[in-house]
Amino acid sequence: MRVAVLGSTGSIGTSTLDVIAASAGRFEPWLLAARRSVATLLDQAHRFRPAWVVVGDPRAAADVGAGALPAGTRLAVGPEALDELVADPAVDRVVSAIVGAAGLRSTWAALEAGKTVALANKETLVTAGPLVTRLASRTGGAIVPVDSEHSAIHQALAAGAPDEVARLVLTASGGPFRGRPRESLATVTPEEALRHPTWSMGPKITIDSATMMNKALELVEARWLFGVPADKLAVLIHPQSIVHSLVEFIDGSVVAQLSPPDMRLPIQYALSYPRRIPGPARRLDFAQAFTLEFEPPDLDRFPALRLGHEAAGRGGTAGCVLNAANEEAVGRFLGGSLRFTDIADVCARVLDAHPFQADPGLDDVLRLDAWAREEVRAWN
Ligand code: NAD
Ligand code: MG
């Protein structure tokens, strides 16, 4: 199976290449794309010999010297080239692992071409959920989630029929500040927020885990991915990150998916689906005693979660505005011009102030994305 790996130099991208390397030729990378990590991309190209490497940023592409690529690998530059290549008939599956709203357009291009997308880029569904799901049903494109919670739900849903589902319960580790009082969170530094207790991930999603905005975005993601109303979505704190999510059925049975926190498993599931195959992901060791804990989330300490329930409930443009405001706010927090607790505050204000549309087009979504970013940049 020929795979296009978008965002191959990132955390999900490199784990995807681990899965591919361990697959004994079952998966083969046809295209590797990144924004500007040219040195890493060239290393990957020599190791995996894809047909194409795509560099998103034209200035970075200038660093690819003549003869830097292995024989048989070609270079393409910029987002238009990427859109065209993901739609190529040679591509069997697309791993969408670009970070942020920037991942929307290539995911869109893949679905438009009727591809099956292993979707890590949650921002695609958060920003344009109603449009993306409509597109997929029109073209026959499909989305298999990579996000561990949604992968778990996808797996657990196999235990019943859609009309037998009572609730989808997303687990959350609670991040590094789970036990901390709200007052002490205002002075949190980027270094502290970047230290996640259970998962090793890229910087943006690590900050989102600390604010719990990650779970907020995942509520919106789940709404579109599984087509369930927001009142059937719940969040449960589970510090060990072993139970990746649960489905409660109408008879009261709860079905969960368990495994150590290792993204290689949901990535591989999304590549091999509908089959399962052996792979490199860590396994639970039942010879060792271990404990699983659960507790309800504290919405006062983590107001971002409330925003997630709100955005999932409202649908329309709410997810797009929440996501864009948050991306910009996280950038300002990492740059030192916003306090940790301001992230959720500024997102709440921008979400409240935005001209809500229930059934937006793609142009409305892109315009509101830009508007929300501008609002956060101007906020002080
Ligand atoms: P990362 O920051 O580690 O990597 C991002 C990748 O995207 C890099 O390869 C970068 O070059 C590429 N990229 C960024 N902008 C680009 C552009 N404009 N054009 C082309 N390439 C571009 O991020 P990550 O942690 O791997 O996360 C990727 C996505 O997966 C995010 O949407 C995140 O929310 C989601 N996700 C990640 C994890 C995880 O464990 N890391 C878990 C669930 C979901
Ligand atoms: Mg997740």
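Because the structure is a prediction, the values reported are computed rather than measured. First listed ligand is number 1; within each ligand, the first listed atom is number 1.
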Query - Arg314 charged N/C atom sitting above Phe356 aromatic ring, 6.0 Å / 45° - result: yes
Query raised in the report: Is any side-chain N of the basic residue among Arg182 and Asp300 closer than 4.0 Å to the acidic one's carboxylate O?
Result: no
Query raised in the report: What N, O or S atom of Asp147 is found closest to the Mg ion (ligand 2)?
Result: OD1
Query - Asp298/Arg178 salt bridge by N-O under 4.0 Å criterion - result: no
**Report entry** Salt bridge Arg223-Asp231, side-chain N to carboxylate O under 4.0 Å
**Finding:** no
Query raised in the report: Any idea which protein heavy atom is nearest atom 29 (C) of ligand 1, and the distance to it?
Result: Ile98 O, 3.8 Å
Query - Polar proximity ligand 1 side, Gly7 side, N/O cut 3.5 Å exclusive - result: yes
Query raised in the report: Side chain, backbone, both or neither: which part of Ile205 has a heavy atom under 4.0 Å from ligand 1?
Result: side chain
Query raised in the report: Considering only N, O or S atoms, which atom of Glu149 is nearest to the Mg ion (ligand 2)?
Result: OE1
Query raised in the report: N/O to N/O below 3.5 Å, does that happen between Thr9 and ligand 1?
Result: yes
Query raised in the report: With only distance considered, is Arg35 within less than 3.5 Å of ligand 1 through an N or O on each side?
Result: yes
Query raised in the report: Do any nitrogen or oxygen atoms of Ser200 come within less than 3.5 Å of a nitrogen or oxygen of ligand 1?
Result: no
Query raised in the report: Do Val126 and Leu322 come within less than 4.5 Å of each other through their side chains, counting heavy atoms only?
Result: no
Requested in this report: Would you check the N or O atoms of Met201, main chain and side chain alike, for any that come under 3.5 Å of an N or O of ligand 1?
Outcome: no
Query raised in the report: Tell me: protein heavy atom nearest atom 32 (O) of ligand 1, and distance?
Result: Glu123 OE1, 2.6 Å
Query raised in the report: How close does the nearest protein non-hydrogen atom get to atom 4 (O) of ligand 1, and which residue and atom is it?
Result: Gly10 CA, 3.1 Å
Requested in this report: Taking the side chain as every heavy atom from C-beta outward, state whether Tyr269 and His154 have any pair of such atoms under 4.5 Å apart.
Outcome: yes
Query raised in the report: By number and element, which atoms of ligand 1 are closer than 4.0 Å to a non-hydrogen atom of Gly202?
Result: 3 (O), 25 (O), 41 (N)
Report summary line: Numbered in order shown, the ligand 1 atoms found under 4.0 Å of a heavy atom of Ala102 are 18 (N)
Query raised in the report: Looking only at distance, does Ser11 have an N or O less than 3.5 Å from an N or O of ligand 1?
Result: yes
Query raised in the report: Is it true that the side chains of Thr124 and Asn121 contain a donor and an acceptor less than 3.5 Å apart?
Result: yes
Report summary line: To the Mg ion (ligand 2), the closest N, O or S atom belonging to Glu218 is OE2
Requested in this report: Would you tell me which option among Ala97, Ala34, Pro79 has the nearest heavy-atom contact to atom 6 (C) of ligand 1?
Outcome: Ala97
Query raised in the report: In terms of side-chain geometry, is the basic nitrogen of Lys204 or Glu123 positioned less than 4.0 Å from the acidic oxygen of its partner?
Result: yes
Requested in this report: Please write down residue, atom name and distance for the protein heavy atom closest to atom 35 (C) of ligand 1.
Outcome: Ala120 O, 3.1 Å
Report task. Tell me yes or no: between the side chains of Arg332 and Ser337, is some donor less than 3.5 Å from an acceptor? Result -> yes
Query raised in the report: Which protein non-hydrogen atom lies closest to atom 38 (C) of ligand 1, naming both residue and atom, and how far is it?
Result: Ile12 CD1, 3.5 Å
Report task. Go through the steps for Leu41 and Leu32 under the test side-chain contact (heavy atoms from CB on, under 4.5 Å), then give the verdict. Result -> CA-CA 7 Å; Leu41 199 51; Leu32 302 175; 4.0 Å; yes
**Report entry** Distance from atom 34 (O) of ligand 1 to nearest protein heavy atom, with residue and atom
**Finding:** Lys122 CE, 3.3 Å
Query raised in the report: Side-chain donor-acceptor pair under 3.5 Å between His150 and Glu221, yes or no?
Result: yes
Query raised in the report: Does the distance from a Lys or Arg side-chain N to an Asp or Glu carboxylate O, for Arg367 and Asp364, drop under 4.0 Å?
Result: yes
Report task. Could you check atom 43 (C) of ligand 1 against the protein and tell me its nearest heavy-atom contact, residue, atom and distance included? Result -> Asp147 OD1, 3.1 Å
Query - Any donor-acceptor N or O pair under 3.5 Å, side chains Thr9, Thr40 - result: no
Requested in this report: Just need the protein heavy atom nearest to atom 23 (O) of ligand 1, so name the residue and atom and give the distance.
Outcome: Val99 CB, 3.9 Å
